[in-house]
Amino acid sequence: MARTRRRNAEWVCWSAVHGFADLATSGPLRGMMDADGLDEFSAQLVAGVVKGIR
């Protein structure tokens, strides 16, 4: 990604991953999904973040 297009992208990525981790470990997602469900959800999250910053 070109530096000019990358401005603040790290904050978007960090916020999404940190927010998901918090929801999965101590928030409403805790205990709602098994490991496979969390893996699928996290893959969708990462794909959405990548698509959004492109």
Side-chain angles (χ1 to χ4, degrees):
M1 177 181 287
R3 183 177 292 250
T4 56
R5 293 187 56 226
R6 190 172 73 210
R7 185 171 181 231
N8 297 320
E10 66 274 13
W11 292 106
V12 173
C13 296
W14 181 86
S15 297
V17 171
H18 180 72
F20 171 74
D22 191 41
L23 291 170
T25 59
S26 59
L29 294 179
R30 182 178 180 191
M32 289 182 63
M33 298 180 197
D34 61 9
D36 290 336
L38 288 173
D39 285 347
E40 183 179 336
F41 196 83
S42 64
Q44 290 174 344
L45 173 79
V46 170
V49 168
V50 170
K51 184 178 180 180
I53 62 174
R54 284 188 176 187

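Reckoned from all heavy atoms, side chains included, excluding hydrogens, waters and symmetry mates.
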Legend entry - Pair listing, side-chain hydrogen bond (donor to acceptor under 3.5 Å, both in side chains) test, anchored in residues 7-33, at least two apart: Asp22-Ser26

Inset, instruction - Measure the spacing between CG of Leu38 and CZ of Phe20 and express it to the nearest 0.5 Å. - result: 5.0 Å

Legend entry - Met33 atom CE: more than 12 heavy-atom contacts under 6.0 Å: yes

Inset, instruction - Determine the minimum heavy-atom distance between Val49 and Ala16, stating which atoms define it. - result: CG2-CB, 3.5 Å

Inset, instruction - Return the set of residues passing side chain to side chain contact (heavy atoms under 4.5 Å, CB included) with Ile53 (not counting sequence neighbours), or none when no residue passes. - result: Met1, Ala9, Val12, Cys13

Legend entry - Contact summary for Pro28 and Leu23, nearest pair of heavy atoms: CD-CD2, 3.5 Å

Inset, instruction - Linking directly or through intermediates, with side-chain heavy atoms under 4.5 Å: list the remaining ILVMFWY members grouped with Val17, chain and number order. - result: none

Inset, instruction - Could I get the full list of side chain to side chain contact (heavy atoms under 4.5 Å, CB included) partners for Val46, not counting sequence neighbours? - result: Val50

Legend entry - For Gln44, side chain to side chain contact (heavy atoms under 4.5 Å, CB included) partners two or more places apart: Glu40, Phe41

